[in-house]
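Because the structure is predicted, anything quoted here is derived from the model rather than measured. In what follows, chains carry the letters A, B, and so on, assigned in the order in which the sequence lines appear, proteins first and then strands, with residues in each chain numbered from 1.
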Protein chains: 2
Amino acid sequence: MPGSGRQTSRPAAGPGGRSDGRSDGVDGAATGPSGRPATRPTSRDVAQLAGVSQSTVSLVLAGKWTGRVSPGTAEAVHEAAARLGYRPNQAARSLRLGRTRTVLLVLPTLSSPFFGALYTGAARVAAGHGFRIVVYPWPDGAGPADNPFAAPHEAIDGILASSMAVEALSEFRGTPVVMLDSDPAGAAPTVDFDVADGMRRVAGHVLGLGHRHVGHVAADVDEWTFRSRGRALAAAVEATPGGRLSRVTAAIDVAAARRAAGGLLRRPDRPTVLVCDDDQLAAGAYKAARELGLDVPAGLSITGFDDVLLATALEPELTTVRLPAEELGAAGMATLLEMLEGGAPRSRSLPGELVVRGSTAPPP
Amino acid sequence: MPGSGRQTSRPAAGPGGRSDGRSDGVDGAATGPSGRPATRPTSRDVAQLAGVSQSTVSLVLAGKWTGRVSPGTAEAVHEAAARLGYRPNQAARSLRLGRTRTVLLVLPTLSSPFFGALYTGAARVAAGHGFRIVVYPWPDGAGPADNPFAAPHEAIDGILASSMAVEALSEFRGTPVVMLDSDPAGAAPTVDFDVADGMRRVAGHVLGLGHRHVGHVAADVDEWTFRSRGRALAAAVEATPGGRLSRVTAAIDVAAARRAAGGLLRRPDRPTVLVCDDDQLAAGAYKAARELGLDVPAGLSITGFDDVLLATALEPELTTVRLPAEELGAAGMATLLEMLEGGAPRSRSLPGELVVRGSTAPPP
DNA sequence: CTGTTAGCGCGTTCAG
DNA sequence: CTGAACGCGCTAACAG
């Protein structure tokens, strides 16, 4: 939604202390105070201003000068760098070091608040270590045509990939990778949500309310996270005396979920609760219920999964499992950084939290 | 929502034709077929294999060899490059050329499907011209603490910024910029939605249904797009005999919108239609209506703006204005590329489309 | 038509 | 403790 970001106002002065009020952000070439074309300062410029040599500048700014450069000289270098607004040229740095301090974040889509939050968490940790993130949405839709996004193969040090099979990354073979929200049985280190536990909590909640015939509106997507959810629900229901499970599948799409849930609810012995694999599926279930004149939650209970925006936009608000996306991104990035420093990190799992709202009640 | 992307399966063979089944994506260092550490092939390797010099390789692969290199030699170079799986080193390229073929996409947030679509459109156009996109979410939330995202100042050729004031980019002064969904009165070229026209269509629709007292649930955000919407609605209502407008504002947030809309509806002479600046605000308005026992659309009509996921998840489905986010991204990138090639592109405006669904009806 | 040369800006030896 | 020299991989000039 355009413009939905909070308004952010920033001081008008640019970096380097120039606050002359000129607004040349549109022009292709900025000009320095003297009118010459302003080519950005290099480490040589800093050296010259500080009266030392390039290598000294390099040492000082890299922070490994103790015992090799006199404190006075170091101070002079820092001051010169600050005065010129010096920032090292990334291209030259990468070329020399062979590392880019850039991580590729591979996501199935950007069209979901969930992945936005994931990015935020990852970016926070990355920034703290001087790493940059390039987002690489795996083309969704558009069919199996050739990948329209040029793969930045070698411009990255590592990969953080979410919600996909590790095999999908064969293109990047040879690059360190950490998988998020993916099958921990793969070869790569993984950071996951404990979705099985989350689903058990959902099951415990609805079974505790007295429900026995549970309808499962499952996502028609063959991915680890949904397989886990399905297994956990089935196990919990089976372990309950009198428990019974009916399952339908649907694409993650409101209209598809509505059709699938409608089919389930039209059966002569319909379930008293619909446990959905995803909040979007739950939105479809709401529609099916309303279509059949069933009141939620008095006539039918419904649960979701993920706790995205939708959950509180629906009426009644949705009982669901909150998955801490931002923490997932942060933990994943931490794991990847550990790996890049030569470690062999262990896979981890983050708990989900059951959020009980107005869509669940005892069976009618 | 984790896993909500379509499943994508890719051929298992990596680039360069190696399909030996090894899966070393986890290891930090890949090893070549012979077991040596596999340092990626350089243009010199290609030259050696093809029996020519580096510069010839450069010319051929850059595609500007016609009339300078014999077709046979060019063919040999191409073949050698393909056999080695050669890909030019981006860092070296950028260092030499001073250009990065990378564009920064500045967004207020990533937590919205709208901006995901915008990205997709921009990426499509960029890829067609060999450009890469780095997404740079302007820190939303987190307070005015220091920017946690390291600004990639010099690693970019241009900036595409959406839904903000151009002044917010003062940090990037000197870089070519195209603004999206922002005030066209600024100095930078702009690609916008014609939100005023969209709002006029909404107004025409509800006024045509017979509504005269219009409630405006406005976004409490001082941005061009919302100012335009407000002005257009006010003008349309004023131009109608008997027309009357009541306005409340709310943060773009379901709960805030519910409170604001509730206040409007509790007035003794309440409006018969609520025109909302955004779909999320409309979701809040639904809640307020239900709270007061008003049926939508029989007792109260509601409209939104943007046509995001929410619009069809609500019940009844929301009459709103569809804003083609993907086209916006594509048009914006095209404009920026034109600029980078030395042109001085004109600002443009994209039309929105009124989508009439079930939330609007004649007044009771 | 092709090869040789120079240098982009940086980090790192190696002499002094 | 500091400076001069080298090379990362690539492209653009210039020679042959």
message: I need the B:Asp45 CG to B:Gln54 CD distance, nearest 0.5 Å.
response: 9.5 Å
field: Side-chain N or O of A:Ser58 closer than 4.0 Å to phosphate OP1/OP2 of C:dC10
entry: no
query: What distance separates B:Ile156 CD1 from B:Arg99 CZ, expressed to the nearest 0.5 Å?
result: 14.5 Å
message: Can you identify which nucleotide, out of C:dG3, C:dT12, C:dC10, has its nearest atom closest to the A:Leu97 side chain?
response: C:dT12
Separation of C:dC10 P from A:Arg99 CZ (nearest whole Å): 16 Å
task: Count the heavy atoms of every other residue, nucleotide or ligand shown that sit under 6.0 Å from CD of A:Gln48, and state whether that count exceeds 12.
output: no
query: Would B:Leu107 and B:Leu105 satisfy side chain to side chain contact (heavy atoms under 4.5 Å, CB included), going step by step from the backbone distance to the final call?
result: CA-CA 6 Å; B:Leu107 304 171; B:Leu105 179 60; 4.0 Å; yes
message: In this structure, how many angstroms lie between the C1' atom of D:dA12 and the CZ atom of B:Arg68, rounded?
response: 9 Å
message: Between C1' on C:dC10 and CG on A:Leu59, what's the gap in Å once rounded to a whole number?
response: 12 Å
Nearest-angstrom distance from the residue atom CD of A:Gln54 to P of D:dC1: 22 Å
Options C:dG9, C:dG3, C:dC10, nucleotide nearest the side-chain atoms of B:Ser53: C:dG3
- prompt: What integer distance in Å separates B:Leu61:CG from D:dT11:P?
  reply: 8 Å
- request: Specify the separation, in whole Å, of atom CG of B:Leu95 and atom P of C:dG9.
  value: 7 Å
- prompt: When the distance from CZ of B:Arg96 to C1' of D:dG9 is rounded to whole Å, what number comes out?
  reply: 11 Å
task: Answer yes or no: does a side-chain N or O of B:Thr73 lie under 4.0 Å from OP1 or OP2 of C:dT2?
output: yes
message: In this structure, how many angstroms lie between the C1' atom of C:dC10 and the CZ atom of B:Arg93, rounded?
response: 20 Å
- prompt: Is there a donor in the side chain of B:Ser58 and an acceptor in the side chain of B:Ser55, or the other way round, less than 3.5 Å apart?
  reply: no
- request: Tell me which nucleotide among C:dC10, D:dG9, C:dC1 gets nearest to the side chain of A:Tyr86.
  value: C:dC10
- prompt: Any side-chain N or O of A:Ser43 under 4.0 Å from OP1/OP2 of C:dG11?
  reply: no
field: D:dG3 phosphate, OP1 or OP2, under 4.0 Å from A:Thr56 side-chain N/O
entry: yes
- request: Using a heavy-atom cut-off of under 4.0 Å over every strand shown, decide if A:Ser55 touches base, sugar-phosphate, or nothing.
  value: base
